[in-house]
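Here's the structure we're looking at; comments come further down.
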2 protein chains.
Amino acid sequence: MKNSTKVKNLKSISKSEETRQRILDAAARLFRKQGYSVRLADVAEAAGVKTGSLYYHFKGRDDLVDEVLSLAMEKLDQCVQQELALLPDSATPLDRVKAAIIADAKMALEVSDYSAANTRIFPIISGEMRKRHYIRHQKHGELINALLEEAEAVGQLRPGLDLPTIRMLFLGAIAWTGEWYRPNRERSPESVIEQLLTMVLLGIQAPRK
Amino acid sequence: MKNSTKVKNLKSISKSEETRQRILDAAARLFRKQGYSVRLADVAEAAGVKTGSLYYHFKGRDDLVDEVLSLAMEKLDQCVQQELALLPDSATPLDRVKAAIIADAKMALEVSDYSAANTRIFPIISGEMRKRHYIRHQKHGELINALLEEAEAVGQLRPGLDLPTIRMLFLGAIAWTGEWYRPNRERSPESVIEQLLTMVLLGIQAPRK
DNA sequence: GTCTATATCCCGATAGAC
DNA sequence: GTCTATCGGGATATAGAC
């Protein structure tokens, strides 16, 4: 009666859900900037609530971390699927590799808070949580590897490449953009993606004979 | 008389110096694995001393961080200078770019603890210490940029590259190896460097006409 | 759901014996 | 130089009012 839970499935978002979201956004931003050990009090303040209130929405730091990392990978997967789906039927395997690289780079350069938080925090978590997220990272890696293998199979790649290594190298270049790139007048995210594609694709594709 | 300070400049290393070194190595290893907020008690234990003893050698966490980051950059600079010095006089500007990339990659893939700690920790420090280390990073970046510009000036680079962006992209690929690469039977550091050089150099060099 | 107040714990840092 | 013991600050997490 007095609360909105009855209608939350319709369109509006319950107050609770909204606050929870603000906390997650703040957490992503601060994890990104300060790493795993950020003070929860700072997260609370950035979200406009008091420290104690965090615990109504999350069990503690690791619960928060878990959620931020999950959302990051979810967004990434969606973005990759979307880029691939937009390709015309005539797209070659190398076009599909290109699309995947663009998707990854867009995440890192534009949606960046969750993505950059993921980049910075995933490497230092451990235990059960690590195992769980590791699997998602693996799956993403395997998708890209499959795309590379298809391109190789049809002769679009330079001979002699070690595909898993190549994959980690360009994913590293992308991940690292979170540490140095900030949007500005001189360089748009698109211009960085363009340079990335030039270097990586011309570096790995078979020379025209 | 009773201690070794009198002779420490000759050849032997004083006990103090040796312990200090063990602490630094342990710190580099743990900063690398767990990031800035590692517990100093863990560092002490890894170095084989008790927590209290740390404070005889270092003022506190930031003193330790400062030293680890400084050593990392020192080793890197040395390594770059050495690779460049080994080049024959006939080396082209692009050869010099290649040498610099190899030096950076060697640091990341082989000497890795200090280098990887630097990679992980530099982005999250702030204040006066950040400013100091930022300058060293800048200087290193400018050196590489200069090498790239020389290669561009003599027409060895593909037209249309944004050199600072290209630099950050391949340095990112290198930095990120610290997060995934571990030496093993299948892939030597050299083999990773070979793949890196293939992708980056063939990606940026001017096509043969 | 969110607040205030507080209990609890952990860790960095110091003091002082050896 | 290194240890043991301990102090004090600060952050997490909880209890309970509103």
Side-chain angles (χ1 to χ4, degrees), chain A residues 1-9 12-27 29-31 33-68 121 124-127 129, chain B residues 1-9 12-28 30-31 33-68 121 124-127 129:
Chain A
M1 276 75 167
K2 73 174 197 292
N3 65 31
S4 62
T5 38
K6 276 268 175 69
V7 292
K8 86 171 173 192
N9 289 335
S12 71
I13 296 168
S14 72
K15 177 120 174 285
S16 168
E17 202 45 49
E18 191 188 303
T19 303
R20 185 186 151 85
Q21 194 58 51
R22 276 208 325 279
I23 295 173
L24 280 172
D25 286 349
R29 201 166 71 250
L30 292 183
F31 279 142
K33 188 160 21 178
Q34 308 184 35
Y36 179 84
S37 307
V38 97
R39 287 188 316 176
L40 296 187
D42 289 344
V43 173
E45 189 184 342
V49 297
K50 298 296 178 180
T51 309
S53 310
L54 280 187
Y55 294 87
Y56 174 80
H57 300 277
F58 300 94
K59 283 207 284 287
R61 160 182 265 101
D62 280 354
D63 196 19
L64 211 40
V65 169
D66 201 35
E67 191 73 14
V68 168
I121 289 180
I124 76 171
I125 61 176
S126 58
M129 186 158 69
Chain B
M1 278 70 173
K2 73 174 198 291
N3 65 32
S4 62
T5 39
K6 275 268 176 68
V7 293
K8 88 171 171 192
N9 289 333
S12 71
I13 295 169
S14 72
K15 177 120 175 285
S16 169
E17 202 46 49
E18 190 188 302
T19 304
R20 185 186 151 85
Q21 195 57 50
R22 275 209 322 278
I23 295 173
L24 279 172
D25 287 349
L30 292 184
F31 279 142
K33 188 161 20 179
Q34 308 184 35
Y36 179 85
S37 307
V38 96
R39 286 187 315 173
L40 296 188
D42 289 343
V43 172
E45 189 184 344
V49 296
K50 297 295 178 179
T51 309
S53 311
L54 280 186
Y55 294 87
Y56 174 79
H57 300 278
F58 300 93
K59 284 206 284 286
R61 175 192 302 283
D62 280 354
D63 195 19
L64 211 41
V65 169
D66 202 35
E67 191 72 17
V68 168
I121 290 181
I124 76 170
I125 61 176
S126 59
M129 186 158 70

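Being a predicted model, the structure only gives us computed values, none of them experimental. Letters A, B, ... are given to chains in the order of the sequence lines, protein chains preceding strands, and every chain is numbered from 1.
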Would you list the atom pairs, donor with acceptor, under 3.5 Å between side chains in residues 56-66 of chain A and any protein atom, with sequence neighbours excluded?
residue, atom, partner, partner atom, Å
A:Arg61, NE, A:Tyr36, O, 3.0
A:Arg61, NH2, A:Tyr36, O, 3.3
A:Arg61, NH2, A:Ser37, O, 3.4
A:Arg61, NH2, A:Val38, O, 2.1
A:Asp62, OD1, A:Tyr36, OH, 2.6
A:Asp63, OD2, A:Lys59, N, 3.0
A:Asp66, OD1, A:Arg132, NH1, 3.0
A:Asp66, OD1, A:Arg132, NH2, 3.4
A:Asp66, OD1, A:His133, NE2, 2.7
A:Asp66, OD2, A:Arg132, NH1, 3.3

Below 4.0 angstrom from OP1 or OP2 of C:dG12, is there any side-chain N or O of B:Arg61? yes
Taking OP1 and OP2 of C:dT14, is either one under 4.0 Å from a side-chain nitrogen or oxygen of B:Tyr55? no
Please list, pair by pair, any protein nitrogen or oxygen found under 3.5 Å from a nitrogen or oxygen in nucleotides 2-5 of chain C.
residue, atom, partner, partner atom, Å
C:dT2, OP1, A:Thr19, OG1, 2.8
C:dT2, OP2, A:His57, NE2, 2.7
C:dC3, OP2, A:Lys50, N, 2.7
C:dC3, OP2, A:Ser53, OG, 2.6

How long is the line joining [atom1] of [X] and [atom2] of [N], in whole Å?
X       : N      : atom1 : atom2 : value
A:Leu54 : C:dG1  : CG    : C1'   : 13 Å
A:Arg39 : D:dG9  : CZ    : P     : 16 Å
A:Asp62 : D:dT12 : CG    : P     : 12 Å
A:Lys59 : D:dT14 : NZ    : C1'   : 16 Å
A:Asp42 : D:dG10 : CG    : P     : 13 Å

Looking at every strand, decide which applies to B:Val43 at a 4.0 Å heavy-atom threshold: base, sugar-phosphate, or nothing. nothing
Side chain proximity check, A:Gln21 to A:Glu18, heavy atoms < 4.5 angstrom: no
If we only count heavy atoms from C-beta on, is the A:Ile23 to A:Arg20 side-chain gap below 4.5 Å? no
If you look at every heavy atom in B:Val43 and B:Ala26, which pair is closest and at what distance? O-CB, 3.8 Å
Residues A:Arg22 and A:Ala47: closest non-hydrogen pair is NE-O, 2.9 Å
Applied to residues 34-46 of chain A, the salt bridge (Lys or Arg N to Asp or Glu O under 4.0 Å) test, sequence neighbours excluded, yields A:Arg39-A:Asp42
